[in-house]
Amino acid sequence: MHRPTALGGALTALATAAAGVLVAAAVSTTPAAAAVGGTGTGYLHTSGNKIVDSTGATVRLTGINWFGMETDNKTFHGLWSSNPWRGQLDKMASLGYNTLRIPYSNDALKPGATASGINDFVNPDLVGLSPVQILDKVIDYAGGKGMRVILDRHRPTAAGQSPLWYTSTVSEATWINDWKMLAQRYAGNPTVIGADLHNEPHAEGTNPAATGACWGCGDTTRDWRLAAERAGNAILGVQPNWLIFVEGVSCPSGGLSNVWDNDPSNDEDCGWWGGNLSKAGQFPVRLNVANRLVYSPHEYATSVYHQAWFDAPDYPANMPAIWDKYWGYLHKQNIAPIMMGEFGTTLVAPKDKVWLENLMAYTGTGVNGMSFTYWSWNPNSGDTGGIALDDWTNINTAKQAILQPYLIPPVGGGGPSPTPTTPGPTPTTPTPTGGCTASYKQVNAWQGGFQGELTVKNTGTAAVNPWSVTWAWPSGVSLASGWNATVTQSGTTVTAAAPDWSRSLAAGASVTIGFTANGAASAPGTVKLNGTAC
């Protein structure tokens, strides 16, 4: 779900309740190495309520949505910013997001489709590429960082979402054939782990003349459960190693609840678009390949729509029972894994913060908790805002602090997992005991600017808390943006101060500070960790 305020063909505001954004997964023409560590090894499958890797080890997907490919831009939003596309993926991985959910529309897959809204000064390597070719690059780079990718068919066209998986202009055959094409394109690349078949099926019209997506009603033109079986089995026929992610509906009958007509038969218990899996236990999705089904509900806060349960006198104590009813029972009864594909909030309303804290606690901690992909990386989601701020570089620390304890970073994500700390200054060791080492890598360069990564290791015997790294640049080089720290410049001296969510740098640990700069490409000089030269 999102109401993006984007340049270059911004998306129209989405409809009411909950409309999730689909994430288009970038396809790699060069198969990425199998992910290890945080997202397991090889392809993934299911075992009861767990997602496991090729060795049987449990994997928890703790990811994020990066939308745009489902809009008129037909590619990731934020490519217009001063933060290069690789820098944005670096930041996601370093924060602990091990999975990328990518929404797309079928328009972006058409021959001749063109991507727009790209800053070719910052992203010269994307100039002239098609939407799918850009996806290839994103998938390849994400895979190299140990991340996984879920492709999300968010919309039939860039014009907007649809209650059913087909429309008058985009047929079920087109929907399935495009999925088979993507499955074939990424065959052999375990970075891409599966298909989120259709984003947020939902009710339309009122009973008995409902025209929206139902669950278990048996009408092949409206029963989302049956359609998910058709598409899922077609995909598995091409790529049997993929996971099939199936969202819920909003109202199981496919019709909107009409509480004003005095007819109780028209009133039923409805949830978020894509969020109601209450009938999946009775009417499960049946796939031809065992251990491939993951249910993927959506869940939102008052910043998206003010559901009645937010006003209950016992809020938030009432919420676990609601989550149990709509989708949590599938996990608790060991029926299938849950991967919450979208959930998000602006955190503006006090109830929203309580909601997010309680929802995360409900998913459980550690590797055995439920998987999720947060909505969204994008700051231009009108309903929720993003983890990234408007510069697409710095982050919303309030949201990140709530999510951080549940994130399992990918191996190769750019540094140690940020550790949440109690707010407020807690200096314990202001300087390292034993010193530090520094290494620099130039990631990219263009006319008038460059991107780099400075990695500093605490070689001392005690933690540095809070840590601060400084370096010098030649005259004429100026900071454009920075991440993994609060990066500022005064004269020729640049300071990278520890963020609130990762104030301590343990003995033997490293931090990688990313940045873009204006001027001639230059390596940082006179690097110091809390005043000690490296």
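Here the structure is a predicted model, which means the values were calculated and not measured. All heavy atoms count here, side chains included; hydrogens, waters and symmetry mates do not.
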Would you please name every residue forming a side chain to side chain contact (heavy atoms under 4.5 Å, CB included) with [X], sequence neighbours left out?
| X | value |
| --- | --- |
| S162 | P156, T167, H198 |
| Y315 | F310, N318, M319, K351, V354, W355 |
| P163 | H202, E204 |
| T346 | S303, V348, D352 |

Fill in: Separation between OH of Y295 and OH of Y329, rounded to the nearest 0.5 Å
7.0 Å

Worksheet item: How long is the gap from CD1 on I64 to CG on L403, to the nearest 0.5 Å?
Response: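 Here the interatomic distance stands at 8.0 Å.
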
Please list, chain by chain and in numerical order, all residues satisfying side-chain hydrogen bond (donor to acceptor under 3.5 Å, both in side chains) with [X], sequence neighbours excluded.
| X | answer |
| --- | --- |
| E172 | W165, R230 |
| Y166 | none |
| W377 | Q88 |
| S250 | none |

Worksheet item: Between S81 and G78, is there a donor-acceptor pair closer than 3.5 Å when you use the side chain of the first and the backbone of the second?
Response: yes

Discussion item. Going by ring-ring contact (aromatic ring centres under 6.0 Å, His included), name the residues that satisfy it together with W85, two or more places apart in sequence or in a different chain.
Written reply: Y141

Worksheet item: For residues 134-240, which residue pairs qualify under disulfide (SG to SG under 2.5 Å), counting only residues two or more places apart or in two chains?
Response: C214-C217

Fill in: Name of the residue among L243, V246, T46 meeting side-chain contact (heavy atoms from CB on, under 4.5 Å) with L293
V246

Practice prompt. Please find out if less than 6.0 Å separates the ring center of F343 from that of Y300.
Written response: no

Practice prompt. Taking the six-membered ring for Trp and the single ring otherwise, decide whether the centroids of Y362 and W327 are under 6.0 Å apart.
Written response: yes

Taking NZ, NE, NH1 and NH2 as the nitrogens, is one of them in [X] or [Y] under 4.0 Å from a carboxylate oxygen of the other?
| X | Y | value |
| --- | --- | --- |
| R86 | D125 | yes |
| K74 | D107 | no |
| D140 | K137 | no |

Fill in: Pairs involving residues 284-295, ordered by first then second residue, that meet salt bridge (Lys or Arg N to Asp or Glu O under 4.0 Å) (sequence neighbours left out)
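Qualifying pairs, neighbours excluded: E229-R286.
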
Worksheet item: Quick one: salt bridge (Lys or Arg N to Asp or Glu O under 4.0 Å) pairs with a partner in residues 294-307, sequence neighbours left out?
Response: none

